[in-house]
Amino acid sequence: MPELPEVEVVRRGAATFAAGRTIATAEVHHPRAVRRHVAGGADLAARLAGVTITGAERRGKFLWLALSADGEPAAEALLVHLGMSGQLLVQPPTAPAEKHLRVRLAFADSGPDLRFVDQRTFGGLSVEPLVAGHGGRQVPQSVAHIALDPLEAGFDADAFGAALRRRRTGVKRALLDQTLISGIGNIYADEALWRAKLHFARPTETLRAAEVERVLAGAVEVMSAALEAGGTSFDSLYVNVNGESGYFDRSLHVYGREGLECARCGSAIRRDAFMNRSSFSCPRCQPRPRRAHW
DNA sequence: ATGAGGACCTGCTCGC
DNA sequence: TGCGAGCAGGTCCTCA
């Protein structure tokens, strides 16, 4: 699912339904879903059996469940990448297997399962040691290189601005780089740029401090608002742990709105092919810079 | 060392 | 009705 607000919706659900519960068994239904777990699916299942989930955490679009064995503080975590189409669902053990069920966690209390369902299999699960990540926080090993997200305590806006302006690329590419700032994807990058009145191909090295502040504020505002609304979803692929969709798509200003009126100036929203995907922007509010960095 | 491009998947919609 | 093309909210690896 996912960008930061949608992953946070899932994290909250996972915390509510899974924290404090002990895993009985893990069934791996598709090898690709555990490809990041280097030791393989059987090892992942063995590591999960009998351990207790102590909490659900998130950085950017990465979600993990802290695992404790024998009452010890968590030293490992079950990392969950939702990828493009991953879902974490709470389901009764008796519910039939979903078409794209990849991994099923059953609990010792015989209560609801936690199921990882993923149509496109870009997402996946892995059990990893917790290590020191950016900002001194304990994170799963493969999250160590991911930058803090802008809704996270300790996010340093000044350091982000300086790093952004050291880049030699377009501002949208930079916003999508999870090692610079995490949690922003294609929807919220476009929305943040619209709010900041910046074109996606604007070279990062030409950004002024005030423009950096605007785009960061735009990202924080749009993602916070989306979170309030339960996340953005256009279809049943993006849902919370109970299978329910958020309704923030009604509040989007540019994403998916080609040809519709800009809420600020009334111009027709345009769509450009960019980075093998689409970028939506207002031709009048976000004019193309003389020097563009696609 | 950075930055850009392609690879990795399934399924849906559109046009012919 | 069938079929290919194009598209979808992400990340990673490789190559320049």
Side-chain angles (χ1 to χ4, degrees), chain A residues 1-10 29-38 58-63 79-88 98-102 116-126 140-147 149 163-193 200-201 203-205 219 222-223 226-227 229-240 245-252 254-258 271-280 292-294:
Chain A
M1 269 210 193
E3 298 183 44
L4 187 157
E6 294 76 42
V7 179
E8 175 61 14
V9 166
V10 173
H29 292 247
H30 196 300
R32 229 183 102 74
V34 296
R35 68 195 181 284
R36 296 269 159 220
H37 188 87
V38 182
R58 182 190 56 75
R59 167 166 280 176
K61 305 169 199 171
F62 292 78
L63 165 67
L79 178 65
V80 181
H81 296 238
L82 297 174
M84 288 285 260
S85 56
Q87 306 174 332
L88 208 52
E98 292 76 5
K99 181 173 182 190
H100 301 294
L101 176 64
R102 307 306 186 197
F116 181 68
V117 174
D118 187 14
Q119 177 196 107
R120 293 175 70 183
T121 69
F122 286 161
L125 309 187
S126 53
Q141 197 155 50
S142 59
V143 180
H145 67 296
I146 299 298
D149 69 59
L164 180 66
R165 290 194 285 172
R166 278 196 299 272
R167 292 296 174 98
R168 293 293 178 267
T169 189
V171 62
K172 183 169 173 182
R173 272 184 195 283
L175 291 175
L176 295 176
D177 181 346
Q178 305 296 302
T179 68
L180 187 62
I181 183 170
S182 68
I184 301 173
N186 205 35
I187 291 180
Y188 299 114
D190 280 2
E191 295 297 317
L193 290 166
F200 60 85
T204 47
E205 67 268 30
V222 72
M223 291 197 295
L227 182 53
T232 294
S233 84
F234 308 120
D235 56 44
S236 60
L237 224 43
Y238 301 96
V239 295
N240 67 16
S245 291
Y247 50 89
F248 192 69
D249 59 306
R250 285 192 248 148
S251 306
L252 298 176
V254 282
Y255 189 86
R257 296 178 52 79
E258 182 181 15
R271 174 177 155 216
D272 291 295
F274 175 72
M275 288 178 78
N276 279 328
R277 47 184 55 179
S278 297
S279 272
F280 298 91
H293 212 323
W294 292 59

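Naming: A, B, ... by sequence-line order, numbering from 1 per chain.
Note on A/H145: every side-chain N or O is 4.0 Å or more away from OP1 and OP2 of C/dT11. In this structure, A/R166 does not reach the B/dG3 phosphate: none of its side-chain N or O atoms is under 4.0 Å from OP1 or OP2. Checking the phosphate oxygens (OP1, OP2) of B/dG3, no side-chain nitrogen or oxygen of A/R173 falls inside 4.0 Å. Note on A/K61: every side-chain N or O is 4.0 Å or more away from OP1 and OP2 of C/dG9. Residue A/S85 has no polar side-chain atom (N or O) positioned under 4.0 Å from OP1 or OP2 of C/dG10. The phosphate of B/dC9 (OP1 or OP2) has no side-chain N or O of A/H30 nearer than 4.0 angstrom. Under 4.0 angstrom from either OP1 or OP2 of B/dC9 there lies at least one side-chain N or O belonging to A/R32. Phosphate contact (OP1/OP2 of C/dG6, side-chain N/O of A/R277, threshold under 4.0 Å): absent. A sub-4.0 Å separation between OP1 or OP2 of B/dG11 and a side-chain N or O of A/R120 is absent.
Taking atom CD on A/Q119 and atom P on C/dC7, their separation rounds to 17 Å, with Å as the unit. Atom pair A/F274:CZ and C/dG6:P shows a separation of 20 Å (rounding to whole Å applied). Taking atom CG of A/L79 as the reference point, atom P of C/dG10 lies 16 Å away to the nearest angstrom. Across the protein-nucleic acid pair, A/N276 atom CG and C/dG9 atom P stand 11 Å apart, rounded to whole Å. Atom CG in A/L176 sits roughly 11 Å away from atom C1' in C/dG9 (whole-Å rounding). In this structure, CD of A/Q178 is placed 15 Å from P of B/dG3, rounded to the nearest angstrom. Regarding A/L82, its CG atom lies at a distance of 19 Å from the P atom of B/dC9, rounded to whole Å. Rounded to a whole Å, the CG atom of A/D149 is 16 Å from the C1' atom of C/dG10.
Contact annotation: the side chain of A/D177 never approaches that of A/T169 to less than 4.5 Å [non-hydrogen atoms, C-beta and beyond]. Side-chain contact between A/S182 and A/R59 is present, with at least one heavy-atom pair separated by less than 4.5 Å. Two residues are said to be in side-chain contact when any heavy atoms from C-beta on lie closer than 4.5 Å; A/I184 and A/M223 meet this criterion.
Nucleotide C/dA8 forms a Watson-Crick or G-U wobble pair with B/dT10, both donor-acceptor distances falling under 3.5 Å.
Using the six-membered ring where Trp is involved, A/F274 and A/W294 have ring planes that are perpendicular, over 60° apart on the 30 and 60° scheme. Aromatic ring orientation, A/Y188 versus A/F248: tilted (interplanar angle from 30° to 60°).
If you take atom P in B/dA7 and the same atom in C/dA5, they sit 16 Å apart, rounded to whole Å. Taking the P atom of each, B/dG6 and C/dG6 are spaced 15 Å apart, rounded to whole Å. Nucleotides C/dT14 and B/dC9, compared at atom P, are 15 Å apart to the nearest Å.
Residue A/R271 is classed as a sugar-phosphate contact, given heavy-atom separations below 4.0 Å to backbone atoms only. Among the atoms of the strands shown, base atoms are found under 4.0 Å from some heavy atom of A/S233.
Position along DNA chain B of the nearest nucleotide to A/T121 versus A/W294 favours A/W294 as the more 5'-ward residue.
Put simply, A/F122 does not rest on the base of C/dT11: the two rings are not both less than 5.5 Å apart at their centres and under 30° in tilt.
Distances from the side chain of A/F62 to the nucleotides B/dA4, C/dG9, C/dC12 place C/dC12 closest.
A/S85 and A/D118 share a donor-acceptor pair across their side chains, judged by distance under 3.5 Å alone.
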